[in-house]
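Within every chain, numbering begins at 1; the chains are lettered A, B, ... in the order of the sequence lines, protein sequences first and strands thereafter. Computed from a prediction, not measured in an experiment: that's the story for all the values here. No hydrogens, no waters, no symmetry mates; every other heavy atom, side chains included, goes into these values.
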There are 2 protein chains.
Amino acid sequence: MRIFRDLIETGSFSKAAELNYLTQSAVSQQLKHLEKSVGRPLLDRGSRQLKLTSAGRIFYRAAKRIVAAYEDITARIQATAPESDQRLRIAAIYSVGTYVLQRYLKDFLRRCPEVKVEVDYQKASRICDDILRGRADLSIMAYPVHRRDLQTIPLADEELVLALPKLHPLGRREALNLADLAGQDFIAFDRGTPTRKALDHILRAAKVRPKVRMEFDNIETIKSAVSSGMGVSIVPEATVAADAKAGSLCVRRFADRRLSRPLGVLVRKSRRENRAVRAFLKQLDGARAR
Amino acid sequence: MRIFRDLIETGSFSKAAELNYLTQSAVSQQLKHLEKSVGRPLLDRGSRQLKLTSAGRIFYRAAKRIVAAYEDITARIQATAPESDQRLRIAAIYSVGTYVLQRYLKDFLRRCPEVKVEVDYQKASRICDDILRGRADLSIMAYPVHRRDLQTIPLADEELVLALPKLHPLGRREALNLADLAGQDFIAFDRGTPTRKALDHILRAAKVRPKVRMEFDNIETIKSAVSSGMGVSIVPEATVAADAKAGSLCVRRFADRRLSRPLGVLVRKSRRENRAVRAFLKQLDGARAR
DNA sequence: ATGCCCCTATAAGAGGAGCTAATAGTTTGA
DNA sequence: TCAAACTATTAGCTCCTCTTATAGGGGCAT
């Protein structure tokens, strides 16, 4: 039902898929099942853009109400939890949680040492759900989606840099261009992760084709693959700063192109935040201003 | 959510399971998952009878509303279907649909030839769902459940008889008692079908243990297994009346015990029936009076 | 036209959710 | 004190729902 609602509101299978961290194929199949289960077509296939049938209109209205009610439950239950005032529950993807987030948290805990912080590492798709359903107060993530029921606060632009094995030939070059990646052995994020999709897009647009040798969903695994010479990779700068300093990796920027990924904070829109959450958000806002 | 609602309203895992045509185990697991997904316990396990926690109370209220809304959608959509006034959609289990139902339908169609009748054969569990969600107008089934959101109209008691292969020794006996089944090769309904459960209950209470050789969910398969001498079975009388006459099976009643199963009609309680449905229900009511 | 890029639909396969069956442990009632 | 009824737990299986890959259609540039 949530998928159907998003499908109608975005007017596009692919966008609805993106909002729910699914493939377009999944959305297409879901709609098919839905129509079978309801027993009548919900969408007019004839025309160019999506058009609801009369049955679809009824279903859409109901779906909207039901989804909203559904997502509200756990949130409301969480709100009645004891000692919830001192709790800050953050959902984060791994690469952000262990590096960027730690900086903010350290500051925050110095100021508010009484707050109990819980960080949950999840896939991007779960994070959205956790926040909508009140299992987490907020999330810091890369490529945050824009949903009507979630507030997205842009936080920073995280630089993406080229990570090379220590003695890689490219490391000796004066200026590195994006095109130099062509034909290189490449260690990539898993297909389906937002960062991977964005990078694929950029490389395809630039008609640069590295040879993707391995794919991992974990930044640590990527780093160790690079440092053991399996190939090069493009990773968030913060995740390799320490390794560059220690000399276990060679880190370079591209001369012709600045790569970055947007970081943002995700919060429920209909929020009744506790003090801890408000304080943390305020600090983030301050950090952003600087 | 429906399971949880039923669980609370019946106050029993097993009863909630029965209402949804599941095993008690499934209900137990569902609750566990639900509590995990909500993040807090919903039920007080300490005490004897079920008691909601404070989180459980909130969840129950919401679940009730959401389930009701959910089940209402398809029903409302169906109501707007064109030419729905001339349609009578019946969901039936196989053994009732092909025998008992045919009789009623023949009469009905003679009187209302303009009505388009659609009969869908389903498992009992799907039937309930079909009616709740308006994919079927009514159902005739054995052992109809009693749900608050469904109306159950008792229709008849269908005699259950012993079906024997043509030359089976038991067929020559004067009077047959239930106890004579002890040790006999038995062809049974599938575990999980209501009729099977009822028969198991009766046999266990009488401490009679036939040897269950085969289990089928289809009455036709059971009949052909019996007629080819694989064993004996207990089946609805109507399903073997023709075979008894043709001599392909031997049909006997028990001298010491009348076995039967209740047939009933299931209709949505909040019904806005069309003319066809009303007419059919009226005829059934008449048949019952006779 | 031709190619390209966007879209949606479909097929095939992998993985996980949710079921049953079996069984253990607990409580109730004769 | 035993039998019956209840809930919890485990293992195994099935079906559902995802992803990947691919086909086919429409709009827009070259």
A.B. asks: Can you check whether A:S28 has a side-chain N or O nearer than 4.0 Å to OP1 or OP2 of C:dT8?
C.D. replies: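 No, no such contact exists.
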A.B. asks: So how far is it from A:I234 CD1 to A:I187 CD1, rounded to the nearest 0.5 Å?
C.D. replies: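 With rounding to 0.5 Å, CD1 (A:I234) is 12.0 Å from CD1 (A:I187).
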A.B. asks: CZ of A:R209 to CG of A:L203: how many Å apart, nearest 0.5 Å?
C.D. replies: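 So the CZ of A:R209 and the CG of A:L203 are separated by 9.5 Å.
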A.B. asks: Could you verify whether a donor N or O on one side chain and an acceptor N or O on the other, from B:R40 and B:S54, lie under 3.5 Å apart?
C.D. replies: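 B:R40 vs B:S54: no donor-acceptor pair found between side chains.
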A.B. asks: What is the distance, to the nearest angstrom, from the CZ atom on B:R196 to the C1' atom on C:dA21?
C.D. replies: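 Spelled out: CZ on B:R196 to C1' on C:dA21 is 12 Å.
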A.B. asks: Output one letter per nucleotide in nucleotides 17-24 of chain D: B when a protein non-hydrogen atom lies under 4.0 Å from the base, S when only the sugar-phosphate is that close, - when neither is.
C.D. replies: SBBB----
A.B. asks: Separation of B:D190 atom CG from D:dC13 atom P, in whole Å?
C.D. replies: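 Atom CG in B:D190 sits about 18 Å away from atom P in D:dC13.
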A.B. asks: Roughly how many Å is it from CG in A:L50 to P in C:dC6, rounded to a whole number?
C.D. replies: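 From A:L50 CG to C:dC6 P: 18 Å.
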A.B. asks: If we ignore angles and hydrogens, is there a donor and acceptor under 3.5 Å between the side chains of A:S25 and A:Q29?
C.D. replies: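 Per modelled atom types, A:S25 and A:Q29 side chains form a pair under 3.5 Å.
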A.B. asks: Phosphate oxygens OP1/OP2 of D:dA5: is one of them under 4.0 Å from a side-chain N or O of B:S14?
C.D. replies: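 The answer is no; no side-chain N or O of B:S14 sits under 4.0 Å from OP1 or OP2.
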A.B. asks: What is the distance, rounded to the nearest whole Å, between atom CG of B:L7 and atom P of D:dA8?
C.D. replies: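 It is 9 Å, rounded to the nearest whole Å.
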A.B. asks: A:R204 has an atom CZ; how far is it from atom P of C:dC5, in whole Å?
C.D. replies: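 Roughly 7 Å, once rounded to whole Å.
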A.B. asks: For the pair made of CG in A:D217 and P in C:dG15, what is the distance, rounded to whole Å?
C.D. replies: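 In whole Å, C:dG15 P lies 14 Å from A:D217 CG.
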A.B. asks: Tell me: NZ of B:K15 to C1' of D:dT7, nearest whole Å?
C.D. replies: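 After rounding, the reported distance stands at 13 Å.
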A.B. asks: Just the atom pairs and distances: protein N or O near nucleotides 28-30 of chain D's N or O, under 3.5 Å.
C.D. replies:
none

A.B. asks: Quickly work out the A:I8 CD1 to C:dT8 C1' distance and round it to whole Å.
C.D. replies: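 Going from CD1 in A:I8 over to C1' in C:dT8 covers 14 Å.
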A.B. asks: Between B:D130 and B:R126, is there a salt bridge with N-O shorter than 4.0 Å?
C.D. replies: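 Yes, this pair counts.
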A.B. asks: Of the candidate nucleotides D:dA8, C:dA9, D:dA5, which contains the atom at the shortest distance from the side chain of A:F13?
C.D. replies: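 My answer, after comparing the listed nucleotides, is C:dA9.
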A.B. asks: Salt bridge or not for B:D129 and B:R2, using N-O below 4.0 Å?
C.D. replies: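 Salt bridge present between B:D129 and B:R2.
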A.B. asks: Inspect the contact between B:D6 and B:K15 and indicate whether a charged nitrogen and a carboxylate oxygen are less than 4.0 angstrom apart.
C.D. replies: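 No, this pair does not count.
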A.B. asks: Decide, yes or no, whether a salt bridge links B:K123 with B:D190 under the criterion of side-chain N to carboxylate O below 4.0 Å.
C.D. replies: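 Salt bridge flag = no for B:D190 with B:K123.
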A.B. asks: Using the test side-chain contact (heavy atoms from CB on, under 4.5 Å), find all partners of B:T152 that sit at least two apart in sequence or belong to another chain.
C.D. replies: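 B:T152 satisfies side-chain contact (heavy atoms from CB on, under 4.5 Å) with B:P144, B:H146, B:L266 once adjacent residues are dropped.
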